[in-house]
Structure formats: structure tokens, C-alpha cells
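Basis for what follows: all heavy atoms, side chains included, without hydrogens, waters or symmetry-related copies. Lettering follows sequence order; numbering is per chain, from 1.
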Number of protein chains: 2
Amino acid sequence: MRLVIARCTVDYQGRLTAHLPEAVRLLMVKADGCVAVHADGGAFKPLNWMNAPNTLVEYPDRWEVTSAKGEALLITIHEVLSEQRYDFGDDPGLQKDGVEAHLQELLAERPWALEDGMSLVRREYPTSLGPVDLLCTDSRGRAVAVEIKRRGEIDGVEQLTRYRERLDMDSRLAPVRAMFVAQSIAPQARTLAESRGVEALEVDYDDLRQIESSRPRLFDLH
Amino acid sequence: MRLVIARCTVDYQGRLTAHLPEAVRLLMVKADGCVAVHADGGAFKPLNWMNAPNTLVEYPDRWEVTSAKGEALLITIHEVLSEQRYDFGDDPGLQKDGVEAHLQELLAERPWALEDGMSLVRREYPTSLGPVDLLCTDSRGRAVAVEIKRRGEIDGVEQLTRYRERLDMDSRLAPVRAMFVAQSIAPQARTLAESRGVEALEVDYDDLRQIESSRPRLFDLH
DNA sequence: GACTCTATCTCGGTA
DNA sequence: TACCGAGGTAGAGTC
């Protein structure tokens with residue numbers, strides 16, 4: 001990690017064209033070679049950056065960072081105010097919990113939590129417009145397309161409607177039920193779901209974990 | 001700007017739950033109060049962060065950053081390796097060029113680039129669901145709703161479909177044609193467009209600039 | 001404040 | 001590699 005504080009001017013040409021007038025900024029060069037130009041505000045996003053892999057060529061008065069894709073970042077350095085290097089070593093990386101994937105996993109193992117008698121056909125069931133999160137069958141053997149979101153918004157209902165449309169083209173599945181499942185469902189999404197004949201269901205993440213899984217463990221390790 | 005290099009452990013609880021095992025990282029605190037935890041790699045995005053406004057309380061062995069929305073970032077500091085503060089002063093901000101707005105501008109001045117005989121009614125034509133990028137009329141006088149993207153994906157087709165639905169409610173405009181225009185259009189977006197009766201058109205930014213504008217200049221400055 | 005939409009989106013998974 | 005979807009999306013603009 002290399003941290004340089006400098007009065008600089010920055011120009012980027014690549015996916016767009018951007019210019020930064022002269023000011024004091026932080027130049028951050030990470031071990032993987034990526035370069036970021038930070039102002040002292042405006043949240044965590046840098047003003048300008050160049051991802052790895054790239055080539056950084058340093059001159060006394062400027063840095064030229066170029067990538068194979070034809071992007072170029074030119075940092076004109078008017079004055080260096082501070083410079084620092086540090087070796088961090090490897091980072092063990094971020095562990096996340098509570099995202100959509102976990103919710104999908106929980107429901108795939110407990111389809112009866114959605115409705116009595118529900119059973120799983122397949123996770124990520126493919127259609128020509130993308131995969132349905134879960135394809136299930138209800139107690140009467142009717143196909144049910146399930147779309148899972150952390151937060152249920154209008155986009156998700158649109159997505160599920162598209163999938164149902166495609167699945168209904170398959171005579172072995174039609175007519176397909178559609179079930180929109182989320183930890184919380186926005187009022188607008190609920191309204192749209194209703195008008196589309198899509199069932200909307202809120203589930204609680206912690207409650208779900210209490211419900212018996214289809215793969216019970218002898219020793220429930222915590 | 002405050003830059004601290006420290007061996008630390010990080011826990012975030014809020015929109016999700018995340019944990020970072022002990023390692024050396026950069027802690028960046030900006031003048032607006034936002035806090036970011038950077039590893040020495042992985043592009044410009046921090047591993048963890050907390051946006052302003054928030055409250056940072058420092059103890060000898062840990063930082064507690066909390067927000068009004070109930071998010072909490074706990075940074076346990078095992079060892080401080082370096083600390084630095086610097087006052088940057090104001091930043092004049094970024095100037096951008098070549099984003100979607102420019103593509104829209106180019107097409108608004110050259111609607112015939114979309115189709116022979118096309119003419120512009122209005123940019124950002126309002127509907128109750130948001131503005132349509134361009135409303136045009138074709139050579140037969142039929143209304144055409146145009147949605148412009150840099151990259152055409154499935155969401156954009158949905159967006160345009162919603163607008164057309166609204167515009168079709170206006171008897172002076174109906175039936176409205178829908179035209180999805182982008183520098184590149186994803187296969188799935190094309191599939192959806194087709195099934196929705198939406199025309200899909202790829203345009204080249206540089207070619208467009210070559211086409212005569214409706215506001216020709218006497219002196220074409222470069 | 002709520003809603004909408006863009007983004008050099010980033011990032012991860014998958015065919 | 002390209003494509004596709006999620007994101008603690010963030011951030012800007014509008015109403």
C-alpha cells in the first residue's frame with residue numbers, strides 16, 4: 001500500500017472522459033496495482049481510479065496509468081506533500097451473512113415453509129430470460145415459480161412475471177403459479193403482485209432457521 | 001483526512017452482517033465523517049465502510065461507528081502501525097463527459113439517425129412513471145417512445161415498456177411505437193424486446209457524431 | 001422525504 | 001471470456 005498526498009490535476013480517458021482541476025488529494029496505490037484518487041469527502045468512492053491490471057509509469061511531474069483496454073489516467077503532480085508505503089500482507093477476506101443467497105439456501109431446504117405440501121424441483125431453474133430462484137410443486141402437483149429477495153420491490157415482481165411467462169410456454173408446467181418471497185415487501189410491490197396474480201409472502205430469516213430442514217443434522221453445531 | 005494503518009478486526013451489523021478477521025488494513029476517515037476500511041488490494045472498494053452522517057466513538061482498543069439507521073461498525077484495533085492527518089481544503093469536483101446524457105443529446109439533435117424521417121417532439125417527455133428519454137414522430141406521424149442507454153440490458157426494456165403503457169393511455173399518441181437504443185444490447189434484452197414488440201437498435205457514439213446535426217455550426221471547431 | 005434512474009457502477013457466478 | 005444478476009449498491013435529480 002502506497003499513500004501519497006499531493007496537489008494534483010487528473011484526467012481520465014476511457015469509458016468516459018473526466019477532468020479534475022488542481023487540488024490536494026490522496027493517491028492510493030494498492031499492492032495489486034490499482035490506483036485511486038480520493039478527495040477528503042464524498043463518501044468512500046474515489047473521484048477517479050484505474051483498476052488492476054494496469055501499467056503505472058512515473059515521471060517527476062506526472063503519473064501515467066494505462067490499461068490494456070485503452071483507458072488512460074493522467075495524474076499531473078504539482079507538489080507532493082506526503083508519501084508513505086506499507087506492506088500489509090495477505091487479507092483473509094470478508095465473511096458475509098444474511099444476503100439473498102442464504103435466504104434461497106434456507107428456503108430450498110425448507111420449501112414447506114412457503115406452503116404446506118410444497119416440494120423443491122430445482123434451484124436456479126433456467127429459462128431463456130434467466131434462472132428462476134426456485135421451481136417447486138405444490139401439494140396438487142402444480143408448478144410454482146418462486147422469486148426470492150431480501151427486500152421485495154417492484155423490479156422483483158417484474159422479474160418473476162417474466163419468468164412465469166416463459167415457464168407457461170412449457171406445456172408440461174403450465175399453468176404456473178408465481179410466488180414472490182422476501183423479508184419485507186414494499187407496498188407498491190405488493191400492489192403490483194396482486195394485479196399480476198402473483199402471490200406475495202413475507203418470511204422471517206430467524207424464524208426460517210428454526211423450521212426443520214430437509215437435511216437434519218444429528219449434531220446441530222453452532 | 002485521517003489515515004490509520006492498523007492490525008484490526010472488523011464487524012458490521014446493519015443491512016447485513018459481516019466480519020473481517022484480524023489483519024493489517026488502512027482505516028480512512030474523511031472530513032465528512034465517513035469511515036472506510038481498505039485492504040491492500042481488491043480495487044477501490046473498501047472491505048467495509050460507514051457513510052456519513054455517523055457517530056465515531058474512539059476507545060483505546062476499538063472504534064465504534066454507528067448511524068441513525070441502526071447500522072454499526074465495530075473496529076477492534078490490535079495495534080496501530082501508523083497514523084497521519086492532513087487538511088486538504090475544498091475540492092473543485094469532477095467534470096464528466098461521454099455518459100448517457102451525451103448520447104441522448106446527440107440523438108436529440110439527429111433523430112433521423114434512428115430512422116429515416118424521424119423527428120423530435122421533446123426530450124425527457126414526462127409520464128406519471130418518469131420521463132421518456134425522447135418522444136419522436138416517425139415519417140407517418142406515429143409517436144415513438146425512445147429509451148437510450150449506454151449498455152442495453154433487460155431493465156431498460158422493462159422501463160420502456162412501462163412508459164409505452166402510459167403513453168398508450170393518451171388517445172392523441174396511441175398506438176405508440178417503442179424503440180430501445182444503446183451502444184450495445186445484451187442478448188436477453190433483445191429477446192425480451194422482441195417479445196414485447198419493442199424495436200432494438202444499436203448505435204455507435206463516434207459514428208453519430210459524424211452525422212449532420214439539426215443545429216449545424218458555421219465553424220466546426222474541434 | 002420518497003421515488004426514479006444512472007454508474008468508468010463493482011463483484012461474483014456460470015456457461 | 002462474455003453474460004447476467006445482486007449490491008450494505010451509491011449518488012444525483014426530481015417531485
Side-chain angles (χ1 to χ4, degrees), chain A residues 10-18 34-37 42-52 54 65 67 69-73 93-94 96-104 124 126-133 147-151 153-156 159 162-163 186-189, chain B residues 12-18 34 36 42-52 54 67 69-73 93-94 96-104 124 126-133 147-156 158-160 162-163 182 184-192:
Chain A
V10 184
D11 289 278
Y12 168 78
Q13 278 242 3
R15 286 179 271 185
L16 56 63
T17 301
C34 71
V35 181
V37 181
F44 68 74
K45 200 180 176 184
L47 294 164
N48 253 314
W49 68 91
M50 185 78 97
N51 286 336
N54 63 49
V65 194
S67 83
K69 282 173 257 172
E71 296 170 286
L73 186 69
L94 188 63
K96 287 187 186 182
D97 187 25
V99 290
E100 182 191 312
H102 289 82
L103 200 52
Q104 190 191 118
E124 303 288 351
T127 77
S128 61
L129 288 175
V132 187
D133 285 343
E147 180 64 33
I148 300 164
K149 294 283 179 214
R150 246 172 5 100
R151 287 181 300 181
E153 302 189 0
I154 217 158
D155 282 7
Q159 199 178 339
R162 291 197 297 269
Y163 294 153
Q188 289 192 342
Chain B
Y12 167 78
Q13 278 244 1
R15 286 181 267 188
L16 57 63
T17 302
C34 70
F44 71 72
K45 202 177 177 187
L47 294 165
N48 252 316
W49 68 92
M50 186 76 97
N51 284 337
N54 62 47
S67 83
K69 282 173 256 169
E71 296 170 285
L73 186 69
L94 188 63
K96 289 185 186 185
D97 185 26
V99 287
E100 181 191 314
H102 290 82
L103 198 54
Q104 188 191 119
E124 303 289 351
T127 76
S128 59
L129 289 174
V132 186
D133 285 344
E147 180 64 35
I148 300 165
K149 295 281 178 217
R150 249 167 9 96
R151 286 185 300 182
E153 303 190 0
I154 215 158
D155 284 4
E158 294 285 21
Q159 198 180 336
L160 179 52
R162 289 197 298 269
Y163 293 153
S184 73
I185 295 179
Q188 291 193 343
R190 202 175 275 281
T191 304
L192 183 63

Taking atom [atom2] of [N] as reference, at what distance in whole Å does atom [atom1] of [X] sit?
X	N	atom1	atom2	result
R151(A)	dA2(C)	CZ	P	13 Å
I154(B)	dA6(D)	CD1	C1'	15 Å
L16(A)	dT6(C)	CG	P	15 Å
E153(B)	dT6(C)	CD	C1'	12 Å
N48(B)	dA10(D)	CG	C1'	15 Å
H102(B)	dT6(C)	NE2	C1'	14 Å

Quiz item: Rounded to the nearest 0.5 Å, how far does NZ of K149(B) lie from CG of D133(B)?
Solution: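 Going from the CG atom of D133(B) to the NZ atom of K149(B) covers 6.5 Å.
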Self-check item: Residue met sooner reading DNA chain C from 5', once R15(A) and Q159(B) are mapped to nucleotides
Solution: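 Residue closer to the 5' terminus by nearest nucleotide: Q159(B).
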Self-check item: Closest nucleotide among dC11(C), dT8(C), dG5(D) to the P131(A) side chain
Solution: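 Between dC11(C), dT8(C), dG5(D), the one nearest the side chain of P131(A) would be dG5(D).
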Quiz prompt | Candidates dA6(D), dG11(D), dT10(C) - which lies nearest the side chain of N51(B) | solution =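 Closest of the options to the side chain of N51(B): dG11(D).
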Exercise. Dot-bracket notation for DNA chain D is requested: 5' to 3', Watson-Crick or G-U wobble pairs only, both distances under 3.5 Å, with ( ), [ ], | and . as defined.
Key: |||||||.|||||||
Quiz prompt | dC11(C) and dA7(C), which share atom name C1', separated by this distance in whole Å | solution =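 Per the computed distance, 14 Å lies between those C1' atoms.
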Quiz prompt | Separation between the C1' atoms of dG8(D) and dT14(C), rounded to whole Å | solution =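 So the two C1' atoms sit 25 Å from each other.
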It should be established whether [X] places a side-chain nitrogen or oxygen under 4.0 Å from OP1 or OP2 of nucleotide [N].
X	N	value
Q188(B)	dG5(D)	yes
Y163(B)	dC5(C)	yes
W49(A)	dT10(C)	yes
K149(A)	dA6(D)	yes

Self-check item: Close side-chain approach of C34(A) to M50(A), heavy-atom, < 4.5 Å
Solution: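 Answer no - side chains too far apart.
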Quiz item: Is any side-chain heavy atom of L16(A) less than 4.5 Å from a side-chain heavy atom of D97(B)?
Solution: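 Side-chain contact under 4.5 Å: no.
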Name the nucleic acid region contacted by [X], choosing base, sugar-phosphate or nothing; use a 4.0 angstrom heavy-atom cut-off, strictly under.
X	result
L103(B)	nothing
Q104(B)	nothing
P187(B)	sugar-phosphate

Quiz item: Between Q104(A) and E124(A), is any side-chain donor less than 3.5 angstrom from a side-chain acceptor?
Solution: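 Yes, side-chain donor-acceptor contact under 3.5 Å.
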Self-check item: Donor on one side chain, acceptor on other, Y163(A) and E147(A), under 3.5 Å
Solution: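 No, no side-chain donor-acceptor pair sits under 3.5 Å.
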Exercise. Could you tell me whether the side chain of R150(A) and the main chain of R15(B) form a donor-acceptor pair under 3.5 Å?
Key: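 Yes, because the side chain of R150(A) sits within donor-acceptor range (under 3.5 Å) of the backbone of R15(B).
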Practice problem: Give a yes or no on whether Q13(B) atom CD has more than 12 heavy-atom contacts from other residues, nucleotides or ligands under 6.0 Å away. | Solution: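 Not buried by this count: 12 neighbours or fewer within 6.0 Å.
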Self-check item: Given DNA chain D, 5'-ward residue of the pair K45(A) and R162(A), judged by closest heavy atom
Solution: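 The residue mapped nearer the 5' terminus is R162(A).
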